[in-house]
Trainee: 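Pasting a structure here, questions to come.
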Number of protein chains: 2
Amino acid sequence: MKKTCAHKHAEKKQELSSLTGRLRREAHKITSPRAAILEILRHHAHPLTNKEIFAELPKGECDLATIYRAMQLMEELGMVKRFDFGDGSARFKLVGEGDESHHHHLICTRCAEVVEIGECFPEEIERRIARANGFTGVTHRLEFFGLCPGCQK
Amino acid sequence: MKKTCAHKHAEKKQELSSLTGRLRREAHKITSPRAAILEILRHHAHPLTNKEIFAELPKGECDLATIYRAMQLMEELGMVKRFDFGDGSARFKLVGEGDESHHHHLICTRCAEVVEIGECFPEEIERRIARANGFTGVTHRLEFFGLCPGCQK
DNA sequence: AAATCAGTTGCAAACGATTTGCAATTAAAT
DNA sequence: ATTTAATTGCAAATCGTTTGCAACTGATTT
């Protein structure tokens with residue numbers, strides 16, 4: 001199931017200190033559960049579900065509910081980005097300090113492998129659509145689904 | 001909340017007979033709950049949640065579970081298309097007999113108004129992405145979100 | 001029109017993801 | 001070391017959706 005797709009990413013793992021700093025900055029505590037969660041997120045390039053995070057955490061390190069609360073908080077602080085692959089559970093990925101990169105994913109419908117798609121097309125079209133319909137603050141959600149090389153029989 | 005956005009649709013409401021025919025064709029019964037559900041879908045151009053359908057149904061006409069089952073069946077038969085606007089509940093819309101049109105939506109994040117976007121861009125790009133990553137049977141999900149004219153304060 | 005049978009339904013219980021109330025803990029400031 | 005607001009674990013509660021099952025009903029047959 002789990003597969004590490006070859007990425008040309010610069011793999012710039014964020015310093016833990018930079019992460020905890022962001023929490024501290026907002027008058028939030030750096031608790032052991034949070035540190036553990038950040039440690040896991042730091043080591044994954046692709047979005048993880050709360051359950052997956054929970055599974056990687058040492059035995060009784062932290063409650064599932066705590067993870068849900070942590071992800072919610074960190075999402076508000078802009079530390080993680082939430083993804084919806086349409087399979088019923090949210091996934092989260094760390095967001096770099098200045099890294100506001102907007103990109104999409106190619107997800108294998110069988111093994112759930114995730115490939116990041118660098119580009120983001122709609123950009124210009126999005127503006128046109130917004131204007132044409134009088135909408136403001138328009139954003140979009142775009143994900144691709146298919147069978148990865150390994151899952152094709 | 002509910003808003004009827006001016007559409008230039010040809011409003012080709014499908015004949016009930018054509019719909020029930022599709023069910024019958026597959027050895028399925030035209031029950032009163034199903035007829036009622038189809039009647040409601042026939043009158044809505046935009047995807048509805050099962051709860052919304054349930055709400056429009058006369059008092060005790062049909063159980064919520066029955067609607068879930070009906071939508072699941074009709075989705076398999078290709079009679080309805082399922083949409084995921086990311087708000088936690090699925091939405092369904094009737095699909096015309098030959099109508100395989102693939103399109104997207106612009107959804108107001110405040111009042112949930114839905115505007116259909118005729119075009120579908122990624123088409124070509126999708127092929128490129130699939131090839132570039134060795135994926136097959138690639139499809140995509142694209143929805144736009146923003147504030148509709150009426151909800152902008 | 002009555003009999004027949006597979007497809008359906010209502011209802012309640014089951015589910016999986018996510019949230020929340022609350023008393024007990026704990027990180028961080030004093 | 002003290003104080004206090006933030007946080008946690010745990011269990012119960014929500015929500016959308018699914019499912020088991022006995023009773024029911026179209027559609028077909030006789």
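What's counted below: heavy atoms across the whole structure, side chains too, no hydrogens, waters or symmetry copies. Below, read A as the first sequence line, B as the second, and so on, with proteins coming before strands; counting in each chain starts at 1.
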Trainee: Give every residue pair that meets the side-chain hydrogen bond (donor to acceptor under 3.5 Å, both in side chains) criterion with at least one member in residues 67-84 of chain B, sequence neighbours excluded.
Mentor: B:Glu75-B:Arg82, B:Asp84-B:Arg141
Trainee: Is the backbone N or O of B:Gly134 less than 3.5 Å from a side-chain atom of A:Gln152, with the two atoms forming a donor-acceptor pair by type?
Mentor: yes
Trainee: Pair A:Glu143, A:Leu106 - check side chain to side chain contact (heavy atoms under 4.5 Å, CB included), show working.
Mentor: CA-CA 6 Å; A:Glu143 308 295 355; A:Leu106 209 199; over 6 Å; no
Trainee: Under the side chain to side chain contact (heavy atoms under 4.5 Å, CB included) criterion, do A:Ile53 and A:Thr49 qualify, and how do the steps go?
Mentor: CA-CA 6 Å; A:Ile53 294 176; A:Thr49 63; over 6 Å; no
Trainee: Is the phosphate of D:dT8 approached by A:Thr31 (side-chain N or O, under 4.0 Å from OP1 or OP2)?
Mentor: yes
Trainee: Just N and O in the side chain of B:Gln72: are any of them under 4.0 Å from OP1 or OP2 of D:dT17?
Mentor: no
Trainee: Take B:Asp63 and B:Lys51, find for each the nucleotide of DNA chain D with the closest heavy atom, and name the residue whose nucleotide sits nearer the 5' end.
Mentor: B:Lys51
Trainee: With a cut-off of 3.5 Å and sequence neighbours excluded, list every side-chain donor-acceptor pair involving residues 58-65 of chain A.
Mentor:
unit_1, atom_1, unit_2, atom_2, d
A:Glu61, OE2, A:Ser32, OG, 2.6
A:Asp63, OD2, A:Ala65, N, 2.8

Trainee: In whole angstrom, what separates A:Lys29's NZ from D:dT8's C1'?
Mentor: 10 Å
Trainee: Judged by each residue's nearest nucleotide on DNA chain D, which is more toward the 5′ side, A:Ala27 or B:Tyr68?
Mentor: A:Ala27
Trainee: All N/O contacts under 3.5 Å from nucleotides 28-30 of chain D to the protein, with atom names and distances to one decimal?
Mentor:
none

Trainee: B:Phe85 has an atom CZ; how far is it from atom C1' of D:dG16, in whole Å?
Mentor: 17 Å
Trainee: Categorize B:Glu61 for me: base, sugar-phosphate, or nothing, with a 4.0 angstrom heavy-atom threshold over every strand shown.
Mentor: sugar-phosphate
Trainee: Please test B:Met74 against B:Leu41 for side chain to side chain contact (heavy atoms under 4.5 Å, CB included), starting from the C-alpha separation and ending with a verdict.
Mentor: CA-CA 12 Å; B:Met74 298 205 288; B:Leu41 288 176; 3.9 Å; yes
Trainee: Answer with base, sugar-phosphate or nothing: what part of the nucleic acid does A:Ala90 contact at a heavy-atom distance below 4.0 Å?
Mentor: sugar-phosphate
Trainee: Starting at CG of B:Asp84 and ending at P of D:dC15, how long is that distance when rounded to a whole Å?
Mentor: 19 Å
Trainee: For A:Arg91, check salt bridge (Lys or Arg N to Asp or Glu O under 4.0 Å) against everything at least two apart and list the hits.
Mentor: A:Asp87
Trainee: So what is the end-to-end bend of the helix from C:dT19-D:dA12 to C:dT30-D:dA1, with 5 pairs used at each end and the value given to 10 degrees?
Mentor: 30°
Trainee: Can you check side chain to side chain contact (heavy atoms under 4.5 Å, CB included) on B:Arg110 and B:Leu147, steps first, answer last?
Mentor: CA-CA 7 Å; B:Arg110 203 158 94 58; B:Leu147 272 183; 3.8 Å; yes
Trainee: Roughly how many Å is it from CZ in B:Arg34 to C1' in D:dC24, rounded to a whole number?
Mentor: 14 Å
Trainee: Could you state the interatomic distance from CD (B:Glu52) to CZ (B:Phe92), rounded to the nearest 0.5 Å?
Mentor: 11.5 Å
Trainee: Rounding to a whole Å, what distance do you find between A:Glu76:CD and D:dA6:P?
Mentor: 14 Å
Trainee: Looking at A:Glu56 and A:Lys51, is any side-chain nitrogen of the basic one under 4.0 Å from a carboxylate oxygen of the acidic one?
Mentor: no
Trainee: Take the protein atom CZ of B:Arg69 and the nucleotide atom P of D:dG16, then report the distance between them rounded to whole Å.
Mentor: 18 Å
Trainee: Atom CG of B:Leu73 and atom C1' of D:dT19: how far apart are they, to the nearest Å?
Mentor: 16 Å
Trainee: Once you round it to whole Å, what is the distance between C1' of D:dG16 and CZ of B:Arg82?
Mentor: 11 Å
Trainee: Output the single nucleotide from D:dT8, D:dA27, D:dT19 whose closest atom is nearest the side chain of A:Pro33.
Mentor: D:dT8
Trainee: Under a criterion of less than 4.0 angstrom to any heavy atom of chain A, what are the 5'-terminal and 3'-terminal contacting nucleotides of DNA chain C?
Mentor: C:dA17 to C:dA28
Trainee: Quick one: does A:His103's side chain have a donor or acceptor within less than 3.5 Å of a partner on A:Ile117's backbone?
Mentor: no
Trainee: Between B:Glu124 and B:Arg127, is there a salt bridge with N-O shorter than 4.0 Å?
Mentor: no
